[in-house]
Amino acid sequence: MLTEARILIVDDLPENLLALDALIREPGIAVHQASSADQALALLLQHEFAMAILDVQMPGMNGFELAELMRGTERTRHIPIVFVSAAGRELNYAFRGYESGAVDFLHKPLDPYAVKGKVTVFVDLWRQRRAVKTQLEALEEARRQQQVLLEELQSTQSELQRAVRMRDDFMSMVSHEMRTPLNTLFLEAQVRKMHLSRGNTKAFEPAQLRAMVERDERHVQAMVRLIDDMLDVTRLQRGTLSILPKRFDLAVLLRRIVENFGTQAEGAGCALGLRAPDTLDVELDEFRIEQVVANLLTNAFRYGPGKPVEVLLEDSPRGVRIDVRDQGRGIAPRDQTRIFEQFERAVDNKVSAGLGLGLYIVRQIVESHGGTIGVVSVPGEGSTFTVLLPKLARQPVEAAPN
Ligand code: ADP
């Protein structure tokens, strides 16, 4: 559909306006009349015009003065102007602004063909300019959309690269972590075979045998934990890690965990203490809560060997609070959030080998119960991990997939 072109006609005599209007009015053209320069300026502010036809001789501001004002304003600078004058040709150059836009002249009495011809030329020009402008805008919009897409693509690409890097790191860490206990078990088996072949029964006396079994157990447990962690992460990603709440005594559970961790605490040289009420009934997933505390304790021994570790259990109106406090290496403020993410570690493998999954799993379990976990830590002085849990988990809940 043709866009309507607006034409401004300015003349102080109403009969001239009427005649001109009748001459140029046609479908696709809207004629706006002004009987003074002031009226014309008001209309110029309101609408976008394809051209203006100005009577030169008007009382007050004349046509040339109005044209000068139009050329001085950005909005109206480029509107083609046709002057209508009754005087001779020498007036044609009295307007000095002609260099900044199209200017033309008509003489009274008006020749209908000349008027229509000029209107057609300027209206066509205006339509072409508009079409070009629309195309340019469309082009600019397409370029902008392309830029947005490109940026999205680049960010997806770097995310992908990071994911691939993380997977590679993960594979090499898993292999390393599995190899260490396996190698030890393999070596132990070789040594035992050698003792057997030499008939060295002393190597298998009760005390030795017990130590052997305990060592084997530790290595097997390390591997089992690793595999469990990997399975949990897979379940979390699929959203199938289930939380099955049931009633139990959290104080009793914590006493049992602390007791079970006695040997590990001793091995790490940590005095392990517990402060808890006699009893504290909750309705949570007991197995998963045990997993949370066990993970936090293992970390406390791993990152704070030789220093006391304390577990605190508190009942509060907001729910239950479990603190696991160590006096170990601590965590720098910049790492305190990211350590709860998958594969994120704040130490390198020389300090301790690990997959950076433990705290991620812990956070997912706690959040699946509707709880929160946080850490307060001072590097060099120690860390306190605080778990806040409702007494009653929303049940049965599934951990949200990542
Ligand atoms: P991993 O111990 O296998 O690296 P985690 O997810 O359990 O994985 O821990 C992530 C990181 O958080 C660790 O690598 C370590 O840098 C830091 N961290 C966790 N617990 C402690 C702690 N008690 N003291 C100091 N740093 C800790």
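Read the numbers this way: they start at 1 and go in the same order the structure lists the ligands and their atoms.
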**Study point:** Atoms in ligand 1 with a heavy atom of Glu344 nearer than 4.0 Å
**Key:** 10 (C), 11 (C)
Practice item. Have a look at ligand 1 and work out which part of Ser383, if any, has a heavy atom under 4.0 Å from it: side chain, backbone, both or neither. Key: side chain
Practice item. Please work out whether any backbone atom (N, CA, C, O) or any side-chain heavy atom from C-beta onward of Val347 is under 4.0 Å from ligand 1, and answer side chain, backbone, both or neither. Key: both
Exercise for review: Give me the ring orientation class for Phe301 and Phe261: parallel if the planes are under 30° apart, tilted from 30 to 60°, perpendicular past 60°.
Suggested key: tilted
Review point. Looking at Glu283 and Arg247, what are the two nearest heavy atoms and their distance?
Key: CG-N, 3.8 Å
Check your understanding: After noting the C-alpha distance and the side-chain angles of Gln146 and Arg143, does the key distance pass the side-chain hydrogen bond (donor to acceptor under 3.5 Å, both in side chains) rule?
Key -> CA-CA 5 Å; Gln146 234 176 31; Arg143 199 199 56 78; over 6 Å; no
Check your understanding: Are any of the N/O atoms in Asp326 less than 3.5 Å from those in ligand 1?
Key -> yes
Check your understanding: Nearest non-hydrogen atom to atom 19 (C) of ligand 1 belongs to which of Val309, Asn299, Leu226?
Key -> Asn299
Check your understanding: Rounded to the nearest 0.5 Å, how far apart are CD of Glu205 and CE of Met212?
Key -> 10.5 Å
Check your understanding: Which residue pairs satisfy the side-chain hydrogen bond (donor to acceptor under 3.5 Å, both in side chains) criterion with at least one member in residues 258-277, sequence neighbours excluded?
Key -> Arg275-Glu310
Revision key, fill the gap. Smallest heavy-atom separation, Gln33 atom then Gln39 atom, equals O-OE1, 4.0 Å
Exercise for review: Determine, considering heavy atoms only, which of Phe301, Tyr303, Phe340 sits nearest to atom 27 (C) of ligand 1.
Suggested key: Tyr303
Practice item. Would you check, one step at a time, whether the test side-chain hydrogen bond (donor to acceptor under 3.5 Å, both in side chains) holds for Thr386 with Asp323? Key: CA-CA 5 Å; Thr386 298; Asp323 281 352; 2.8 Å; yes
Point to revise | Gly356 neighbourhood, listing ligand 1 atoms whose heavy-atom distance to it stays under 4.0 Å | key: 1 (P), 3 (O), 4 (O), 6 (O), 8 (O)
Exercise for review: Using distance alone, decide if ligand 1 has a nitrogen or oxygen within less than 3.5 Å of any nitrogen or oxygen in Ile331.
Suggested key: no
Check your understanding: Can you name the side chain to side chain donor-acceptor pair (under 3.5 Å) partners of Asp104, sequence neighbours left out?
Key -> Lys118
Review point. Judged by non-hydrogen atoms, does Phe385 sit under 4.0 Å from ligand 1?
Key: yes
Exercise for review: Using a strict 4.0 Å cut-off to heavy atoms of Leu357, name the atoms of ligand 1 that fall inside it.
Suggested key: 6 (O), 8 (O)
Review point. Heavy atom under 4.0 Å from ligand 1: found in Arg302's side chain, backbone, both, or neither?
Key: side chain
